[in-house]
J.: 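Pasting in a structure now, in structure tokens, and then I'll have a few things to ask.
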Amino acid sequence: MATKELRINRQIRAREVFVIDDQNQKRGIMNFFDALALAEEAGLDLVEISPNAEPPVCKIIDYGKFRYEQEKKQKEAKKNQTIVKMREIRMQPKIDTHDLEVKSKAIAEFLAGGDKCKVTIRFHGRELAHTELGKEVLLKILEILTEKEIIYNVDSQPMMEGRNMSMLLSPAKAGSKKQSK
């Protein structure tokens, strides 16, 4: 629970609360005012930890220190999470071999960086009658990536989406050395 949502001291609305003291000892169900007096006697705050419980669970703690610890945990969790971006490479079915190499190199860099990559072939006008050319280009990209020994997974096979044909590639998990086609 975010620390901003917690009620402390006189913000608590319940008449009776289940109290846990500063030594982590369960004091049981008490009248709110008795619990508040107990907290003030200890020089600490009465914090509503679990407001949805019946009766609400309150803990006698130093709220400033508690909030600092919670924020520290959130920063640590945020630092450890990985953000996967979706990158997209677009091309036409009549792409030149050198351009295909350049695009494949960009895809390899995206995958090496841990990002997913959507490879899209755009069809214009009469090109829509020859979607097999687009599929050949996508398969050629997979072949180039395999030659370069890039480790990847094909999340979605080449398929049509309106005037576009696309496939989704993702970096393979560490330890797996097999490309899936």
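FYI, side chains are in, hydrogens and waters are out, and symmetry mates aren't considered; it's all heavy atoms of this structure. For the single chain, residues carry numbers from 1 onward in sequence order. Quantities reported herein were computed from a predicted structural model and do not represent experimental measurements.
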J.: Between Leu111 and Leu145, is the side-chain contact (heavy atoms from CB on, under 4.5 Å) condition met? List the steps.
T.: CA-CA 10 Å; Leu111 293 173; Leu145 291 174; 4.3 Å; yes
J.: Do the side chains of Glu132 and Lys135 get close enough for a salt bridge, i.e. N-O under 4.0 angstrom?
T.: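 Looking at Lys135 together with Glu132, the answer is no, because their closest N to O distance does not fall below 4.0 Å.
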J.: A side-chain contact here means heavy atoms from C-beta on lying under 4.5 Å apart; do Ile49 and Ile20 qualify?
T.: no
J.: Please say yes or no: joined through hydrophobic side-chain contacts below 4.5 Å, possibly via intermediate residues, are Leu168 and Leu139 part of one cluster?
T.: no
J.: Which atom names give the shortest non-hydrogen contact between Phe123 and Gly134, and what distance separates them?
T.: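 Looking at all heavy atoms of both residues, the closest pair is CZ-CA, 3.9 Å.
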J.: Atom NZ of Lys85 and atom NZ of Lys116: how far apart are they, to the nearest 0.5 Å?
T.: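 Spacing of NZ (Lys85) from NZ (Lys116) equals 15.5 Å.
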J.: Applying a strict under-4.5 Å side-chain criterion to I, L, V, M, F, W and Y, I'd like to know whether Met167 and Phe110 cluster together.
T.: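 Result: yes, single cluster for both.
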J.: Please examine the side chains of Phe66 and Leu6, heavy atoms only from C-beta on, and report whether any two atoms are closer than 4.5 Å.
T.: yes
J.: Looking only at heavy atoms, which two atoms of Pro171 and Asn153 are closest? And how far apart?
T.: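 Here Pro171 and Asn153 meet closest at O-ND2, 4.1 Å.
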J.: Can you tell me how far the CD atom of Glu71 sits from the NZ atom of Lys73, to the nearest 0.5 Å?
T.: 12.5 Å
J.: Give me the atom names and distance for the closest heavy-atom approach of Pro56 to Ala14.
T.: CG-CB, 3.6 Å
J.: Among side-chain atoms of Thr120 and Asn164, is any donor-acceptor pair under 3.5 angstrom?
T.: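 No pair is found: no donor N or O on one side chain lies under 3.5 Å from an acceptor on the other.
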J.: Yes or no on side-chain contact (heavy atoms from CB on, under 4.5 Å) for Ile144 and Lys105, after CA distance, side-chain angles and deciding distance?
T.: CA-CA 9 Å; Ile144 292 169; Lys105 185 178 178 185; over 6 Å; no
J.: May I ask you to test the Met159-Glu161 pair for a side-chain heavy-atom distance under 4.5 Å?
T.: yes
J.: Does atom NZ of Lys94 have more than 12 heavy-atom neighbours from other groups under 6.0 Å away?
T.: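 Check fails, neighbour count at 12 or below.
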J.: Among all residues two or more places apart in sequence or in another chain, which pass the salt bridge (charged side-chain N to carboxylate O under 4.0 Å, His left out) test with Lys140?
T.: Glu143
J.: When rounded to the nearest 0.5 angstrom, what is the spacing between CD in Gln70 and NZ in Lys72?
T.: 12.0 Å
J.: Among Ile, Leu, Val, Met, Phe, Trp and Tyr joined by side-chain contacts under 4.5 Å, find the other residues sharing a cluster with Tyr68 and list them by chain and number.
T.: none
J.: Looking only at non-hydrogen atoms, find the nearest pair between Ala106 and Ile89 and report the distance.
T.: CB-CD1, 4.0 Å
J.: Could you go through Leu128 and Met160, starting from their C-alpha distance and side-chain angles, then the distance that decides it, and tell me whether this counts as side-chain contact (heavy atoms from CB on, under 4.5 Å)?
T.: CA-CA 10 Å; Leu128 265 174; Met160 288 298 294; 3.9 Å; yes
J.: Report yes if some heavy atom in the side chain of Leu133 is under 4.5 Å from a heavy atom in the side chain of Met165; otherwise report no.
T.: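 Side-chain contact under 4.5 Å: no.
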J.: Among pairs that include at least one residue of residues 9-18, which meet side chain to side chain donor-acceptor pair (under 3.5 Å), considering only residues two or more places apart or in two chains?
T.: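 As it turns out, the side chain to side chain donor-acceptor pair (under 3.5 Å) pairs with a partner in residues 9-18, which skip direct neighbours, are Asn9-Asp45.
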J.: Just grab all the side chain to side chain donor-acceptor pair (under 3.5 Å) pairs involving residues 26-44, residues at least two apart or on different chains.
T.: Asp21-Arg27
J.: State, to 0.1 Å, how close Lys148 and Ser104 come at their nearest heavy-atom pair, and which atoms those are.
T.: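 Looking at all heavy atoms of both residues, the shortest contact is NZ-C, 4.2 Å.
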J.: Can Val57 be reached from Val47 by stepping across I, L, V, M, F, W or Y side chains whose heavy atoms are under 4.5 Å apart?
T.: no
J.: If I take atom NZ from residue Lys118 and atom OG from residue Ser156, how far apart are they, to the nearest 0.5 angstrom?
T.: 8.0 Å
J.: Looking only at heavy atoms, what is the nearest atom pair of Leu142 and Tyr152, with distance?
T.: O-OH, 3.4 Å
J.: Side-chain polar contacts of residues 95-102 - donor-acceptor pairs under 3.5 angstrom, sequence neighbours left out - could you list them?
T.:
none

J.: Tell me if a side-chain donor or acceptor on Lys59 pairs with a main-chain N or O of Asn24 at a distance below 3.5 Å.
T.: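 No, Lys59 side chain to Asn24 backbone: no donor-acceptor pair under 3.5 Å.
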J.: Is the closest side-chain heavy-atom distance between Gln157 and Leu138 below 4.5 Å?
T.: no
J.: Rounded to the nearest 0.5 Å, how far apart are CD1 of Ile141 and CG of Leu169?
T.: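 It is 8.0 Å, given to the nearest 0.5 Å.
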J.: Report the hydrophobic cluster partners of Met30, with the cluster defined as I, L, V, M, F, W, Y residues connected by side-chain heavy atoms closer than 4.5 angstrom, directly or transitively.
T.: Ile12, Val17, Val19, Phe32, Phe33, Leu36, Leu38, Leu44, Leu46, Ile60
